[in-house]
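Scroll down for the structure; my scribbles are underneath it.
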Amino acid sequence: MRIDLHCHSTASDGTDSPAELVVAAHLAGLDAVAITDHDTTAGWAEAAAALPPGLRLVRGAELTCVSPDGRGGQATVHLLAYLFDPHAAEVVAEYARTRAERRSRLHAMAGRMAADGYPVDADTLLADLPDDVPAGRPHLAQALVRAGVAASVNEAFAKHLHGRNGYSVPSRRTPLVAAIEMIKAAGGVTVLAHGFAHRRGPTISAGVIADLVPVGLDGLEIDHPDHDEAARAGLRALAARHGLVTTGSSDYHGTNKTIRLGAETTPPEMLSAIAELATGAELLVGS
C-alpha cells in the first residue's frame, strides 16, 4: 500500500480542490490519502463525496501551534490531527477563533503592503476567500503572483513575505499542549509534523517532544521532504524510545510547491495503528 498522510487543498493553501485532491491521489497510485488543511475541516465533505473507488480517506487537519523550544525560546509548531470529531465544542470554538484571527492578520499585512505601493487590495483579497477558508500568507503570495509582482509563490515568499520588511503581523497561535489535549478529547490522533525541519526556522528539542508523550502525543512525522537523514534518524530513535506511531508524507500543496503526491509515504501498519487509536471518526473508503 502507498499512503500519504499530509496533503493540502484549496480549503487552505493548496491549489487542488478537495475533490481534485482525492482524484489526483488515485491517479498517483495511492491507496490512502489524508486531507490535512491548515486549521480547518472545510474540505472534508467535498473530498469524501468525490472519493474514487477503493481509495481510503483519512480526514484530518494541520494545526498551527506554539511551544517552548527547550532552549529558552519559542517555536512555531505544526500538529497533524487525524480522525477527530469536527463538531466537538472545543474544536468548533478554536477554529472560529483562528479563522477570525487569520483574516484580521492577512488584512493588516495586505494593507501595509498596499500603503507601500504594492498592487494588492486588502478588502478584495478577503472578499475573494470563502469564510471557512483559513486566510494566510500563501493567499497574499498568490495575489502578488496574479499582480505580476512575483513569478511564483516561492518567489513571493523569498522576496516579499520573508518577515524582515515590516509587513509581517504577529499571530496568536494555540499552545501545543492545549491543541494535543483538544484533539485527544475529540477522539482524534495527534502526530507532530516535520518536527526537525530546521531550515524552516526554530524547532522544538527532543526533550520537549518527550514531554509531550504523557500529554497525549501519538506520533511523529519522520519521512518528510524537509527532513535530512540526520533529522529522520533522530526522530526515528525518539519514536522507538517512546512507542510512537511514525508516518511519512509529501506535504503536498499542488502547484504551490514542487513536491508530488506520494513523494514520501507511511507504512500500512502505521495507518492501522492510527485508525485503532481514533474514537472520533473512521477511515472512509471509496465505493
Side-chain angles (χ1 to χ4, degrees), residues 5-6 8 12-13 34 36 38-39 60-82 84 90-91 94-95 97-98 101-102 105 134 136-137 157 161-164 168-186 188-251 259 264 266 270 273-274 277:
L5 292 183
H6 186 170
H8 297 269
S12 62
D13 59 346
T36 53
H38 293 284
D39 302 308
E62 185 177 13
L63 311 184
T64 308
C65 307
V66 65
S67 170
D69 63 8
R71 307 174 188 90
Q74 298 280 310
T76 297
V77 182
H78 291 94
L79 183 73
L80 291 165
Y82 299 117
F84 58 92
E90 193 174 351
V91 172
E94 178 63 9
Y95 276 0
R97 183 195 69 78
T98 57
E101 193 274 339
R102 278 174 170 269
R105 178 175 180 248
R137 289 186 304 157
F157 270 93
L161 299 174
H162 45 67
R164 299 183 300 275
S168 183
V169 175
S171 62
R172 186 167 70 87
R173 297 186 167 102
T174 307
L176 180 57
V177 168
I180 292 172
E181 292 174 340
M182 176 183 73
I183 295 302
K184 297 302 292 181
V189 180
T190 59
V191 173
L192 183 68
H194 42 71
F196 282 179
H198 304 302
R199 69 178 184 177
R200 287 174 171 242
T203 59
I204 58 176
S205 68
V208 171
I209 294 174
D211 289 343
L212 295 172
V213 176
V215 175
L217 182 67
D218 295 303
L220 301 176
E221 183 181 54
I222 293 176
D223 294 317
H224 182 279
D226 287 344
H227 281 160
D228 58 22
E229 288 306 316
R232 297 180 193 221
L235 287 168
R236 207 173 299 279
L238 265 176
R241 189 176 309 132
H242 297 286
L244 298 174
V245 170
T246 60
T247 68
S249 39
S250 63
D251 201 353
I259 304 299
E264 306 276 3
T266 295
M270 293 301 170
I274 288 171
L277 287 167

## Note on the structure
CD1 of I222 to OG1 of T246, rounded to nearest 0.5 Å, is 4.5 Å
### Query
Run the side-chain hydrogen bond (donor to acceptor under 3.5 Å, both in side chains) check on H78 and E221 step by step: do they pass?
CA-CA 11 Å; H78 291 94; E221 183 181 54; over 6 Å; no
### Query
Is a side-chain N or O of S12 found less than 3.5 angstrom from the main chain of H38, in a donor-acceptor match?
yes
### Task
Check the pair R232 / E264 against salt bridge (Lys or Arg N to Asp or Glu O under 4.0 Å), numbers first and verdict last.
CA-CA 12 Å; R232 297 180 193 221; E264 306 276 3; 2.8 Å; yes
### Query
Between CG of L244 and CG of L220, what distance do you get to the nearest 0.5 Å?
5.0 Å
### Message
For K184, is there an ion pair with D218 - N to carboxylate O distance below 4.0 angstrom?
### Response
yes
### Task
Run through T174, L212, L217 and flag the one making a side chain to side chain contact (heavy atoms under 4.5 Å, CB included) with L79.
L217
### Message
Run H198 and D228 through side-chain hydrogen bond (donor to acceptor under 3.5 Å, both in side chains) and show every step you take.
### Response
CA-CA 9 Å; H198 304 302; D228 58 22; over 6 Å; no
### Task
Mind running side chain to side chain contact (heavy atoms under 4.5 Å, CB included) on R200 and D226 for me, showing each step along the way?
CA-CA 8 Å; R200 287 174 171 242; D226 287 344; 2.7 Å; yes
### Query
Of the non-hydrogen atoms in E62 and A193, which two are nearest, and what is the gap between them?
OE2-CB, 4.0 Å
### Query
Is a side-chain N or O of R137 found less than 3.5 angstrom from the main chain of L161, in a donor-acceptor match?
yes
### Task
Assert yes or no for the condition that the ring centre distance of H227 to H194 is strictly below 6.0 Å.
no
### Task
Assess whether salt bridge (Lys or Arg N to Asp or Glu O under 4.0 Å) is satisfied between D39 and R173, documenting all intermediate values.
CA-CA 11 Å; D39 302 308; R173 297 186 167 102; over 6 Å; no
### Task
List the steps, then state whether side chain to side chain contact (heavy atoms under 4.5 Å, CB included) holds for R71 with S205.
CA-CA 8 Å; R71 307 174 188 90; S205 68; 4.0 Å; yes
### Query
Looking only at atom types and distance, does a side-chain atom of H224 sit under 3.5 Å from a main-chain N or O of D251, one as donor and one as acceptor?
no
### Task
To the nearest 0.5 Å, tell me how far I204 CD1 sits from L176 CG.
6.0 Å
### Task
Please report the C-alpha distance between R105 and S168 in whole Å, then the side-chain angles of each, then the deciding distance to 0.1 Å, and finally whether the side chain to side chain contact (heavy atoms under 4.5 Å, CB included) criterion is met.
CA-CA 9 Å; R105 178 175 180 248; S168 183; 4.3 Å; yes
### Message
If I take atom CD from residue E90 and atom CE from residue M182, how far apart are they, to the nearest 0.5 angstrom?
### Response
6.0 Å
### Task
Determine, stepwise, if the pair L277 / V245 fulfils side chain to side chain contact (heavy atoms under 4.5 Å, CB included).
CA-CA 10 Å; L277 287 167; V245 170; 4.1 Å; yes
### Task
Using atom types as modelled and distance alone, determine if a side-chain donor or acceptor of Y82 lies under 3.5 Å from a backbone N or O of L5.
yes
### Task
Kindly compute the distance separating NE2 (H6) from OG1 (T247), expressed to the nearest 0.5 Å.
9.5 Å
### Summary
Taken to the nearest 0.5 Å, the spacing of L63 CG from Y95 OH works out to 5.0 Å
### Query
For H8 and T36, which heavy atoms make the closest approach, and how far apart are they?
CE1-O, 3.0 Å
